[in-house]
J.: 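Just passing along the structure, written as structure tokens.
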2 protein chains.
Amino acid sequence: MAKFSAIKQHLYRKIASGEWPEHHPVSSENALSQQFSVSRMTARRALQELADEGLVIRSKGSGTYVAPIKSQTSFMAIRNIADEVRERGHKYHAVVHTMRQEQATANVAEFLQLPANTPVYHSVITHYENHDPVQVEERWVNPKIVPKYTSQDFTKVTPHEYLSSVAPLTEASHQIEAIAPVEHVMHWLKLEKPEPCLRIQRRTWSESGVVTYALLTHPGSRFVLGGHLTFKKN
Amino acid sequence: MAKFSAIKQHLYRKIASGEWPEHHPVSSENALSQQFSVSRMTARRALQELADEGLVIRSKGSGTYVAPIKSQTSFMAIRNIADEVRERGHKYHAVVHTMRQEQATANVAEFLQLPANTPVYHSVITHYENHDPVQVEERWVNPKIVPKYTSQDFTKVTPHEYLSSVAPLTEASHQIEAIAPVEHVMHWLKLEKPEPCLRIQRRTWSESGVVTYALLTHPGSRFVLGGHLTFKKN
DNA sequence: TCACACAACTTGTATATACAATTAAGCTTC
DNA sequence: GAAGCTTAATTGTATATACAAGTTGTGTGA
């Protein structure tokens, strides 16, 4: 393996394991070059590539720091609904409907890569923008990785925020589709009539395996997913 | 401006203008270092960053080449519906419903950044996977940038393929939402009853301005948008 | 005590060099 | 003509060095 790649791995482990949380300082170019007995340019390359990948943030004169979660994500990736609402200058609040341990159904067990009928944590939360519900979040969590999930107060911290602080995510997959909501979702979204909804199905991994499986349902009349791409970066 | 950045701009113009089409060889590190009177490492940096951004592909021993369009796109970005269908091993075909010049409505004119009531090209096409329609594509095109749009045969080449060969795109914005289809879209999608649909609204730019505005509508029962993210890249 | 200067450290840019690994083209030989 | 060898070109990795530019903390002087 190339030297710069070995240094990247070393730093990656520090970050992915949570040993270095958000904003934690990362070893400087000079420190790494001594520690690994390489030239500064080689250590620099490792740091630079991690910065390109969005894992760290570098700032001239100051140093290199572990990037906050939100900046790790590029186009249309994992965003925190609370941040989104607040960025639009609106008030955010959440209502927790369910928060308990259950036996995993075959479906959920498969998504979490667990045996059927093992216990999993299940939460249902509605997220509000001002006074309108904008997202119903049904979430199943692997209790082996996040044992204290059910004792959190999700009106103060969103599950996404809590989970990424406990088990930093390394991978995620999404599926987006248009569906007609089932009745209990309609109720949570306060929809009088059935209305097309955007549903995002998301699985996220940490180093230790599948952390969580989430179904995020948005009413079509109150939500648009947006993104912008530029191919010119000079 | 930094030297490596000037070289990047020079190369970027060659690619974005279409002067260097897909797979066209890009000047080598040594050639650039002579041409710009910089060291090879500086020329290398320009090429390397363009490669990281997906604009060029580098191959040891061979050289650097302009990347094919499809590899310019990252997560969930602009994909060609025909390629998607074929990748799934299914048959693709298209039916052209409309292909004409129209007066731009206020809405369309705004999206294309043109004055109202100027002529624009308008096409409506249904894309099929095997024998089922999977996408209705309503598209408006800036005739100043793509004057020959209406004389193309879009059963053979998709609009997306044609447009990106004529005016290489430099920017794109998306909006995704869930809607109930209007009647003529239902007809094109061969839907008996109204069904939630995924609608992607897309605008793309080239160097000379907004090229096209497209509304892509997918029936919820036959289409899922998927994506996968990894934060570990070693 | 406050303000300013300075030193130390950090990242950013750039150069010159060396060698490794791979590719591609040309040439020789059979 | 085909197979194999040689050679040149190209990208990949790595080092040592130099200076620029921004940040931060320390200490001096008023």
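Residue numbering restarts at 1 for every chain, and letters A, B, ... go by the order of the sequence lines.
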J.: Nearest-Å distance, CZ (R58(A)) to C1' (dG12(C))?
T.: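 Going from CZ in R58(A) over to C1' in dG12(C) covers 9 Å.
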
J.: Is there a side-chain contact between I176(A) and I200(A), using heavy atoms and a 4.5 Å cut-off?
T.: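 Sidechains of I200(A) and I176(A): in contact.
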
J.: From CE of M41(B) over to P of dT10(D), roughly how many Å is that when rounded to an integer?
T.: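 To the nearest whole Å, that distance equals 17 Å.
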
J.: Which whole-number value in Å describes the distance from E49(B) CD to dG12(C) C1'?
T.: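 Distance, rounded to whole Å: 12 Å.
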
J.: May I ask you to say what R45(A) touches in the nucleic acid, namely base, sugar-phosphate or nothing, with a heavy-atom cut-off under 4.0 Å?
T.: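 Touches sugar-phosphate only.
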
J.: The helix from dT1(C)-dA30(D) to dC30(C)-dG1(D): angle between its terminal axes, five pairs each, to 10°?
T.: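 Helix axis angle between the two ends: 10°.
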
J.: Give a yes or no on whether the backbone of A2(A) and the side-chain of S5(A) come within a donor-acceptor separation of less than 3.5 Å.
T.: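 No.
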
J.: Rounded to the Å, how far apart are I57(A) CD1 and dT10(C) P?
T.: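 I57(A) atom CD1 is separated from dT10(C) atom P by 19 Å.
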
J.: Just by protein heavy atoms under 4.0 Å, how would nucleotides 19-27 of chain D read 5' to 3' in B, S and -?
T.: --BBB----

J.: Determine whether E137(B) and T158(B) satisfy the following criterion, side chain to side chain contact (heavy atoms under 4.5 Å, CB included), listing intermediate values before the conclusion.
T.: CA-CA 10 Å; E137(B) 171 186 343; T158(B) 64; 5.6 Å; no

J.: Does any non-hydrogen side-chain atom of I81(B) lie less than 4.5 Å from one of H218(B)?
T.: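 Side chain of H218(B) against side chain of I81(B), heavy atoms only: contact under 4.5 Å found.
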
J.: Heavy-atom contacts under 4.0 Å between residues 24-32 of chain B and DNA chain C, which residues?
T.: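 By residue number: none to list.
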
J.: Kindly assign one of parallel, tilted or perpendicular to the pair Y162(A) and Y149(A), based on the angle between their ring planes and the thresholds 30° and 60°.
T.: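 Plane angle between 30° and 60°, so tilted.
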
J.: Do you know the tightest heavy-atom contact between V210(B) and F111(B)?
T.: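 That would be CG1-O, 3.6 Å.
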
J.: Under 4.0 Å between a side-chain nitrogen and a carboxylate oxygen: does that hold for E29(A) and R58(A)?
T.: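 So E29(A) pairs with R58(A) through a salt bridge.
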
J.: Do M1(A) and K8(A) have side chains that approach each other closer than 4.5 Å (heavy atoms only, starting at C-beta)?
T.: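 SC-SC contact between M1(A) and K8(A) ruled out.
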
J.: Can you check the K8(B) NZ to dT13(C) C1' distance for me, whole Å?
T.: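 Atom NZ in K8(B) sits about 14 Å away from atom C1' in dT13(C).
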
J.: Tell me whether the OP1 or OP2 atom of dT11(D) has a side-chain N or O from Q48(B) closer than 4.0 Å.
T.: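 No, outside the criterion.
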
J.: Return no unless some side-chain N or O of S39(A) is found under 4.0 Å from OP1 or OP2 of dT17(D).
T.: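 Indeed not, no polar side-chain atom of S39(A) lies that close.
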
J.: Do L47(A) and L11(A) come within less than 4.5 Å of each other through their side chains, counting heavy atoms only?
T.: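 Of all side-chain heavy-atom pairs linking L11(A) with L47(A), at least one is under 4.5 Å.
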
J.: Could you point out which residue of Q201(B), E110(B), E138(B) forms a side-chain hydrogen bond (donor to acceptor under 3.5 Å, both in side chains) with Y213(B)?
T.: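 It is Q201(B), the one option of Q201(B), E110(B), E138(B) that forms the side-chain hydrogen bond (donor to acceptor under 3.5 Å, both in side chains) with Y213(B).
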
J.: What nucleotide among dT13(C), dT15(C), dT11(C) has an atom nearest to a side-chain atom of F4(B)?
T.: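 Nearest listed nucleotide: dT13(C).
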
J.: Decide yes or no for L198(B) and E177(A): does some side-chain heavy atom of the first lie under 4.5 Å from some side-chain heavy atom of the second?
T.: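 They are not in contact (no side-chain heavy atoms under 4.5 Å apart), so the answer is no.
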
J.: Decide yes or no for L112(A) and W140(A): does some side-chain heavy atom of the first lie under 4.5 Å from some side-chain heavy atom of the second?
T.: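 Heavy-atom side-chain distance check passes, below 4.5 Å.
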
J.: Taking CD from Q34(A) and C1' from dT15(D), how many angstroms apart are they, rounded to a whole number?
T.: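 Going from CD in Q34(A) over to C1' in dT15(D) covers 15 Å.
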
J.: For the side chain of R44(B), counting heavy atoms from C-beta on, which of dA14(C), dG12(D), dT11(C) is nearest?
T.: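 That would be dG12(D).
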
J.: Rounded to whole angstrom units, what separation is found between the NZ atom of K3(A) and the P atom of dC19(C)?
T.: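 In whole Å, dC19(C) P lies 15 Å from K3(A) NZ.
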
